[in-house]
Amino acid sequence: MKIVKKISEINQIATNLKKNKKEINLIPTMGNMHAGHLSLVTEANKFDGTNIVSIFVNPAQFNEMDDFNNYPNTFEADMEILSKTNCQIIFAPSINEMYPEGIKAKKTVFKYRDILCDLFRFGHFDGVTTIVNILLDLIKPSKVFFGEKDFQQFKIIEQLIIQNNMKINLVKCSSIRDSN
Ligand code: PAF
């Protein structure tokens, strides 16, 4: 399992995989791995290709700075968990790497907005679509995996992919719940 921190390196890897006609499966996360994330990797394993898990706690999608600052940093534990899966590459960039011109989120998706979570988390989905767009543009996966648990997020990302004419298959993964 390779850990990549630089955009230039992930870009090179993605370009080489594409050149060699290899598919890329991207599983975007903010780390703090749990069974739900692992089920996304398991789903990705059903398809051909290299599995890339991105770990990036995206400041642009937090409404409260306190929530961002208190978000658990479990990188070592995450590596341990992921090393037991079929994940070949971890992309774990820094904030500067992802937002070299400062943290900003742009509103580009208007569908599925002003309802549900969006009414209570001002700017959250702009932060999500901004970072997902950056990741998709950078890695250009054939498939990207999201849980249906965050259904509004799923629909908004589906719309992002449609709007940008991206040739990416969005794979909806079932919710995983604790037995209790
Ligand atoms: O669902 C999440 O964990 C995040 O919103 C995502 C999609 C990784 C973007 O930061």
Side-chain angles (χ1 to χ4, degrees), residues 3-5 7 10 24-44 51-65 67-75 77-79 81-82 85 87 89-100 102-109 111-113 115-141 143-164 166 168-177:
I3 300 173
V4 176
K5 299 205 167 191
I7 283 188
I10 199 72
I24 300 175
N25 303 319
L26 175 66
I27 300 120
T29 81
M30 298 209 299
N32 198 17
M33 294 296 150
H34 53 63
H37 297 116
L38 296 185
S39 74
L40 302 184
V41 183
T42 304
E43 187 63 29
N51 294 336
I52 303 183
V53 172
S54 65
I55 298 184
F56 180 67
V57 184
N58 175 30
Q61 71 185 76
F62 284 81
N63 302 108
E64 304 286 340
M65 243 13 229
D67 290 345
F68 171 67
N69 291 330
N70 293 326
Y71 196 85
N73 179 347
T74 54
F75 192 72
D78 290 349
M79 291 308 98
I81 292 172
L82 286 169
T85 70
C87 162
I89 298 168
I90 310 287
F91 178 50
S94 66
I95 293 179
N96 280 347
E97 196 70 12
M98 294 310 260
Y99 293 107
I103 300 159
K104 39 182 183 259
K106 213 170 152 204
K107 185 164 185 166
T108 53
V109 176
K111 206 169 172 185
Y112 309 115
R113 302 295 301 267
I115 52 167
L116 305 168
C117 278
D118 196 34
L119 294 174
F120 305 97
R121 303 182 73 184
F122 182 75
H124 165 72
F125 286 116
D126 298 332
V128 171
T129 49
T130 299
I131 197 65
V132 171
N133 196 31
I134 294 172
L135 287 167
L136 295 181
D137 215 35
L138 192 62
I139 298 174
K140 296 193 174 49
K143 296 188 183 64
V144 63
F145 297 78
F146 282 95
E148 68 176 355
K149 174 178 76 67
D150 300 312
F151 194 66
Q152 191 172 13
Q153 170 172 277
F154 183 89
K155 294 303 288 179
I156 289 173
I157 287 168
E158 182 181 63
Q159 184 60 25
L160 175 78
I161 291 174
I162 293 170
Q163 276 180 208
N164 293 349
M166 290 168 159
I168 298 173
N169 188 346
L170 174 63
V171 182
K172 179 155 49 126
C173 305
S174 314
S175 300
I176 299 292
R177 303 218 180 268

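We count ligands from 1, going down the list as the structure has it; atoms in each ligand are counted the same way.
Selection from P28, A60, P59, G147 by nearest heavy atom to atom 8 (C) of ligand 1 gives P28.
In terms of protein heavy-atom proximity, atom 1 (O) of ligand 1 is nearest to Q153 NE2, 2.9 Å. If you check which protein heavy atom lies closest to atom 7 (C) of ligand 1, you get F146 CE2, 3.4 Å. In terms of protein heavy atoms, atom 10 (O) of ligand 1 is closest to Q61 OE1, 2.6 Å. Residue, atom and distance of the protein heavy atom nearest to atom 3 (O) of ligand 1 are M30 CG, 3.8 Å.
Between Y112 and F125, the distance from one ring center to the other does not fall under 6.0 angstrom.
The backbone N or O of M166 sits nowhere less than 3.5 Å from a side-chain atom of N164 that would complete a donor-acceptor pair.
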Side chain to side chain contact (heavy atoms under 4.5 Å, CB included) between I7 and M98, intermediate numbers included: CA-CA 8 Å; I7 283 188; M98 294 310 260; 4.1 Å; yes

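With rounding to the nearest 0.5 Å, the separation of CD1 in I157 from CG in L136 is 8.0 Å.
Annotation: K106, atom NZ; neighbour count of heavy atoms from other residues, nucleotides and ligands within 6.0 Å does not exceed 12.
Residue contacts with ligand 1 for T29 involve N, CA, C or O but no side-chain atom from C-beta outward (heavy atoms, distance under 4.0 Å).
The aromatic rings of Y71 and F62 sit perpendicular, their planes meeting at an angle over 60°, well past the 30° parallel limit.
Listed by number with element, the atoms of ligand 1 under 4.0 angstrom from any heavy atom of I131 are 9 (C), 10 (O).
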